[in-house]
Amino acid sequence: MRNNQVRLNCGITMPVIGLGTYSSQNDRETTELAIHMALKLGYRHFDTAKIYGSEPAVGNALRKAILDKTIEREDVFVTSKLWGSDHHDPVSALKQTLQNLGMEYLDMYLVHWPVKLKPWACDPVPKEEDFEKLDLESTWAGMEKCMEMGLCRCIGVSNFSSKKIERLLDFASVTPAVNQVEMHPMWRQSKLRETCADHKIHVSAYSPLGAPGNAWGSTAVVDSPIIKSIALKHKATPAQVALQWGISKGSSVIVKSFNKDRMKENMGSFDLKLDDQDFLEIDNLEQSKTMRGDFLVNQTTSPYKTLHDLWDEDI
């Protein structure tokens, strides 16, 4: 890892800290302002998705910055994601995403979940009648086509268990460059990190602070007495400890804060060095997953009847 960048198996580099742009009250202006602020603070990696509804704001803010010569397109790394309703045609979906962004290519395109939905199912929480049988082979062939056509520089997955990664590799011509999953000091993903490392797949962490600001998240990580005491010892903040833990494990971290001081604080996590004692203490923290994916599990139409079906041994 050099200059706070990581080299991916597809040969390109990705900034280790990314700004996530999912917010429940996704208003365009707030998102654009946050991106302008982030650029000033040194952020160069921006993470969006069709389902977040933030692609137009992300594109607008970045295009403005490119126009006024603050940055060049090559300086920024943009990730978006294929929603379940577009599994039947990733190429068209990516073309639509690029139109939303007003860009010619994405740096990274991820399969958002191992879940296929009916083409009209565009809600973040699918209805029972929205599910279809997952045909990962054809979805992945479509993703490979996106890359072949130059619509994106790299492809990857998100929310894939170790077992689902192995299954994908049985037929993939292109190995995913990234698996973006929940990962933080209280959901450490050691088995998944091992599987991904075996195949040179980079693990990118969403909710690296346990998603304290999200409806489904929790403040357990930043409020943990252990994390707080490590922070005190290093004259850092609990958030910086959590982020540096993720970075030390070789992961990139996608942080979602539109608050200037927090953005600055998150960038400051690079200056922190954790010691062996800190890692030991974190390894002993009780684990709990905040993004469980219950909304993708049902007894009738989903391929996943239980949470165990969705996450396999990784839960």
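Values reported hereafter were calculated over all heavy atoms of this structure, with side chains retained and with hydrogens, waters and symmetry mates removed. The residues of the chain are indexed from 1 along the displayed sequence.
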**Complete:** Rounded to the nearest 0.5 Å, the CG atom of D123 sits from the CH2 atom of W83 at a distance of 9.0 Å

**Sub-4.5 Å side-chain heavy-atom contact between T290 and M186** = no

**Message:** For E281, is there any backbone N or O sitting under 3.5 Å from a side-chain donor or acceptor partner on N284?
**Reply:** no

**Request:** Please tell me if the side chains of Q189 and V203 come closer than 4.5 Å, counting only heavy atoms from C-beta onward.
**Result:** no

**Prompt:** Is there a donor-acceptor contact under 3.5 Å from the side chain of R63 to the main chain of M103?
**Reply:** no

Throw together a table of side-chain donor-acceptor distances under 3.5 angstrom for residues 108-121, partners on residues two or more places apart or in other chains.
| from | atom 1 | to | atom 2 | distance (Å) |
| --- | --- | --- | --- | --- |
| K118 | NZ | E129 | O | 3.2 |
| K118 | NZ | F131 | O | 3.4 |

**Request:** State whether the side chain of N60 and the backbone N or O of E32 hold a donor-acceptor pair below 3.5 Å, judged by distance alone.
**Result:** no

**Asked** Does a side-chain N-to-carboxylate-O contact under 4.0 Å join K81 and D47?
**Response** yes

**Request:** Hey, could you give me the CD1/OG1 distance between I155 and T175, rounded to the nearest 0.5 Å?
**Result:** 9.0 Å

**Request:** Return the minimal non-hydrogen interatomic distance between V174 and E144, and the atom names on each side.
**Result:** N-OE2, 2.8 Å

**Fill in**
Closest non-hydrogen atoms of A61 and I35, given as atom of the first, atom of the second and distance, are CB-CG2, 3.6 Å

**Prompt:** Under a 4.5 Å side-chain heavy-atom rule over Ile, Leu, Val, Met, Phe, Trp and Tyr, are V78 and L8 clustered together?
**Reply:** yes

**Message:** Could you tell me if the side chain of Q99 sits less than 4.5 Å from the side chain of E55, heavy atoms only?
**Reply:** no

**Request:** With sequence neighbours excluded, give me every ring pair (Phe, Tyr, Trp, His ring centres under 6.0 Å) pair touching residues 132-182.
**Result:** none

**Asked** Is the backbone of L307 close enough, under 3.5 Å, to the side chain of R292 for a donor and an acceptor to pair up by distance?
**Response** no

**Prompt:** Is there a donor-acceptor pair under 3.5 Å between the side chain of E182 and the backbone N or O of Y206?
**Reply:** no

**Prompt:** Do I12 and F77 come within less than 4.5 Å of each other through their side chains, counting heavy atoms only?
**Reply:** yes

**Item:** Chi angles and distances behind the side-chain contact (heavy atoms from CB on, under 4.5 Å) call for V241, V222
**Value:** CA-CA 9 Å; V241 170; V222 285; over 6 Å; no

**Request:** For residues S302 and N298, report the shortest heavy-atom separation together with the two atoms involved.
**Result:** N-OD1, 3.0 Å

**Request:** Would you mind reporting whether D309 and V297 have side-chain heavy atoms less than 4.5 Å apart?
**Result:** no

**Message:** Ignoring hydrogens and geometry beyond distance, is a side-chain donor-acceptor pair present between T70 and D68 at under 3.5 Å?
**Reply:** yes

**Request:** Say whether, by atom type as modelled, one donor and one acceptor occur between the side chain of S54 and the main chain of A57 under 3.5 angstrom.
**Result:** no

**Prompt:** Taking a hydrophobic cluster as the set of Ile, Leu, Val, Met, Phe, Trp and Tyr residues connected by side-chain heavy atoms closer than 4.5 Å, whether directly or through intermediates, do L168 and L134 fall within one such cluster?
**Reply:** yes

**Item:** side-chain contact (heavy atoms from CB on, under 4.5 Å) evaluation trace for V76 with L39
**Value:** CA-CA 9 Å; V76 286; L39 285 167; 4.1 Å; yes

**Request:** Please examine the side chains of V221 and P238, heavy atoms only from C-beta on, and report whether any two atoms are closer than 4.5 Å.
**Result:** no

**Prompt:** Between atom NZ of K228 and atom CD1 of I230, what is the distance when rounded to the nearest 0.5 Å?
**Reply:** 13.0 Å

**Message:** Is there a continuous path of hydrophobic side-chain contacts, each under 4.5 Å between heavy atoms, that joins L106 to V91?
**Reply:** yes

**Prompt:** Any luck finding a side-chain donor-acceptor pair between Q96 and D86 under 3.5 Å?
**Reply:** no

**Asked** Going from CZ on R167 to NZ on K164, what distance comes out if it is rounded to the nearest 0.5 angstrom?
**Response** 5.5 Å

**Request:** State yes or no: do L209 and L285 share one hydrophobic cluster built from I, L, V, M, F, W and Y residues joined by side-chain heavy-atom distances below 4.5 Å, directly or via other members?
**Result:** no

**Prompt:** What residue pairs, at least two apart or across chains, pass salt bridge (Lys or Arg N to Asp or Glu O under 4.0 Å) with a residue in residues 97-111?
**Reply:** R73-D107, D107-R153

**Prompt:** What pair of heavy atoms forms the shortest contact from R262 to S257, and how long is it?
**Reply:** CB-OG, 3.2 Å

**Complete:** Scanning both residues in full, the closest heavy-atom pair of M263 with L41 reads CB-CD1, 3.6 Å

**Request:** Search all heavy atoms of K289 against all heavy atoms of W187 and return the closest pair with its distance.
**Result:** N-CE3, 3.4 Å

**Request:** Hey, could you give me the CG/CD distance between L274 and Q277, rounded to the nearest 0.5 Å?
**Result:** 11.5 Å

**Asked** Short question: side chain of H202, backbone of S252 - any donor-acceptor pair under 3.5 Å?
**Response** yes

**Request:** Without swapping roles, check the side chain of E265 against the backbone of T237 for a donor-acceptor pair under 3.5 Å.
**Result:** no

**Prompt:** Which value, rounded to the nearest 0.5 Å, describes the distance between L82 atom CG and D89 atom CG?
**Reply:** 9.5 Å

**Request:** Determine yes or no for a side-chain-to-main-chain donor-acceptor pair under 3.5 angstrom, with S251 supplying the side chain and I247 the backbone.
**Result:** no

**Heavy-atom side-chain proximity of W311 to V181 below 4.5 angstrom** = no

**Request:** Would you check if the side chain of S158 reaches a backbone N or O of Q180 as a donor-acceptor pair within less than 3.5 Å?
**Result:** yes

**Prompt:** Does some side-chain heavy atom of M183 sit less than 4.5 Å from a side-chain heavy atom of K249?
**Reply:** yes

**Prompt:** Hey, is C10 close enough to C154 that the SGs sit under 2.5 Å?
**Reply:** yes

**Request:** Could you state whether M149 and M147 fall into the same hydrophobic cluster, counting links through intermediate Ile, Leu, Val, Met, Phe, Trp or Tyr residues with side-chain heavy atoms under 4.5 angstrom apart?
**Result:** yes

